[in-house]
Protein chains: 2
Amino acid sequence: MAVTIQEVARAANVSPSTVSNVLNGRDSRMLPETKVRVEQAIAQLGYRPNRAARQLRTGRIQMLGLVVPSVANPFWGTFAQLVESVALRSGFRVLLCNSERDPQREAEYLEELWADGVSSVLLCSSLPSISHVQPFLERGMTIVAFDRTSQLGDPPSLTNVSVDNSLGAQLATSHLLELGHRRLAFVSGRVHSVNRKERLDGFLSTVDRAGIAANEVLVWKDSGSGRAGDLDAAEVGRAAARELLSRPCPPTAFVATNDMFAIGVCAGVRDAGLRVGADVGRSSGSTTSCWPISLSRR
Amino acid sequence: MAVTIQEVARAANVSPSTVSNVLNGRDSRMLPETKVRVEQAIAQLGYRPNRAARQLRTGRIQMLGLVVPSVANPFWGTFAQLVESVALRSGFRVLLCNSERDPQREAEYLEELWADGVSSVLLCSSLPSISHVQPFLERGMTIVAFDRTSQLGDPPSLTNVSVDNSLGAQLATSHLLELGHRRLAFVSGRVHSVNRKERLDGFLSTVDRAGIAANEVLVWKDSGSGRAGDLDAAEVGRAAARELLSRPCPPTAFVATNDMFAIGVCAGVRDAGLRVGADVGRSSGSTTSCWPISLSRR
DNA sequence: GCCTGTTGGTGTATCGTTTTACCGGCGCTC
DNA sequence: GAGCGCCGGTAAAACGATACACCAACAGGC
């Protein structure tokens, strides 16, 4: 059905090996003329190497496993799109895996990917523990963790690419302070990860430096279930905003630990009959999303 | 490195063929005892068939191409997650492809998928013309179009699974009428697809049946660029809402042709200093998303 | 004239699975 | 007792690309 390397070889009057050499850039000791003949044959026949055969022989495959909590979360959706477009430029395909924050599913996906010969994985996991990736690292899988500041118990050989949590929180908080806000609230779920801890610390240190009194700072750390989904996060944010706004001295602005909590907070503010960006968080625009993309790698 | 079928065969004291037969359910004329021996060997060695080899031999591969405009759009993100979870249950992997509403990219993705041996594709395309899929259908690719009511020029052999556009629009419009709204607006981009036309018609026929006067109905059809992205849609919705609300007799409720326009409309309403679900669209909740999932297939 | 090195390639085994053809042994029939 | 069919498998040839070893032809050195 499809064109094979053999047919190309025949058309260019060379051996399949030579075509393979052209394909893989091993053309150092090859007559330029021969190379051109092969390239023309490839173009003319519309030949595309069979990936299955190539993978079977080499063991390598140009595929990237992308493990995210859920691509239904707009943050991860946007992220997935970016990843896919970059991967495409390098000839990589992207296999989508939604872990749903389940350690077992995460491990299962890694197992599947490994069985498929996919040895490059971008793992976005905010699970308290990811000790289940250790065996895969040992088997030689290349795993890069995103958005996970390394924490105790994490495999030491795991590469991390993350945002600068502390700086982000500082920027967000400073922004609100500059707008004149004095009663600030920080909304987060359980502070189970280093990410969240650093964001909270960034917030606290900034209000502290600004000389804001402790009783003007409200910190909401939901103690809900360990494996809260994204919709839960929005619900938590919503409840938090409602509850905080009903207090005697309600906050005039909010910092949320991520987009889903922020979305929830916005809803909660509206529930309270207030307007985001006007009654609450008074600023030039309505809301600001500002975790700075800065890389810490090793 | 990995366990092969040969090793399983040796462990179970049978030939590789027999293991293969067990694997593929061809066990009709096989001693139950033999089958059990093979299964135990598989389990014990943790054997997983090599997909590359299998694909090379059979030409088939358990992979689904998912082509969406952009997974950064929460609608498609949610959709992608659903698709992925269903596919997983059947042992299918999902290859993510963001077409960005570009016919050329769409065709290129199909080409790549075909070259990879992926012959099952779920195509979500609202492009005015998808004649570029015709050659792939002819080559034997199985393509199912989602969210695209068949239109003139579409390949006749293309299977469609779509929402019931007219019913959806009727439900949305009736809902608002029941809440007592009389001045309604319909916000859409260019009505370039049958989908959008049917939604608009559903809206118009419902207000008509309700005896709403023509001058109380506002229809916004942006004439912007042909290949408007999702963010553009939100911007269009926003501008539409602002403009419509500044008129002498502004609408009290909006029906949008899809989520992104609706998000934009919400922003525009807030820009005008009004509250969604209170000043505008007064209802039990704030907004309602209601395209009914009904299948029309052939 | 013999050895060596370089040039420009080619031949062939190999990756792990599926599939088609085939096989020996047994029981049954005529 | 020759022939036939069934039972429970097995042997071996693919699938398409890659990589390693090898080769013929020729030039140059001594």
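In what follows, every chain begins at residue 1, and chains take the letters A, B, ... in the order their sequences are listed.
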Indicate, with a heavy-atom threshold strictly under 4.0 Å, whether [X] touches base, sugar-phosphate, or nothing.
| X | value |
| --- | --- |
| R60(A) | sugar-phosphate |
| V19(A) | nothing |
| L56(B) | base |
| R54(A) | sugar-phosphate |
| R51(A) | nothing |
| Q6(B) | base |

Sidechain-backbone polar pair: [X] side chain, [Y] backbone, donor-acceptor under 3.5 Å:
| X | Y | answer |
| --- | --- | --- |
| N73(B) | F75(B) | yes |
| R105(B) | N98(B) | yes |
| Q55(B) | D116(B) | yes |

Want to settle it: does R48(B) or P32(A) sit nearer the 5' end of DNA chain C, counting the closest nucleotide to each? P32(A)
What nucleotide among [options] has an atom nearest to a side-chain atom of [X]?
| X | options | answer |
| --- | --- | --- |
| R29(B) | dC7(D), dA17(D), dT10(D) | dC7(D) |
| Y47(A) | dT10(D), dA17(D), dG9(C) | dA17(D) |
| S17(B) | dT10(D), dG9(C), dA19(D) | dT10(D) |
| I5(B) | dG11(C), dG9(D), dT17(C) | dT17(C) |
| L31(A) | dG8(D), dG8(C), dT18(D) | dG8(C) |
| N50(B) | dG11(C), dG16(C), dT10(D) | dG16(C) |
| T34(A) | dG9(C), dT18(C), dG9(D) | dG9(C) |
| L23(A) | dT18(D), dG9(D), dT10(C) | dT18(D) |
| T4(B) | dT18(D), dG16(C), dT10(C) | dG16(C) |

Decide yes or no on side-chain contact (heavy atoms from CB on, under 4.5 Å) for V22(A) and D27(A), but give the supporting numbers first. CA-CA 6 Å; V22(A) 170; D27(A) 50 8; 5.5 Å; no
Specify the separation, in whole Å, of atom [atom1] of [X] and atom [atom2] of [N].
| X | N | atom1 | atom2 | result |
| --- | --- | --- | --- | --- |
| I61(A) | dA17(D) | CD1 | C1' | 14 Å |
| E7(A) | dG16(D) | CD | P | 8 Å |
| R26(A) | dA19(D) | CZ | C1' | 7 Å |
| N13(A) | dG9(C) | CG | P | 11 Å |
| I42(A) | dA17(D) | CD1 | C1' | 13 Å |
| Q55(B) | dA17(D) | CD | P | 12 Å |
| D27(A) | dT7(C) | CG | P | 15 Å |
| N24(A) | dC20(D) | CG | C1' | 15 Å |

So, OP1 or OP2 of dG9(D): does either fall under 4.0 Å of a side-chain N or O from N21(B)? no
Side-chain donor or acceptor of R57(B) under 3.5 Å from a matching atom on the base of dT18(C)? yes
Non-hydrogen atoms of G140(A) and W114(A) that approach each other most closely: C-CZ3, 4.2 Å
Side-chain touch Q62(B)/R54(B), heavy atoms, less than 4.5 angstrom: no
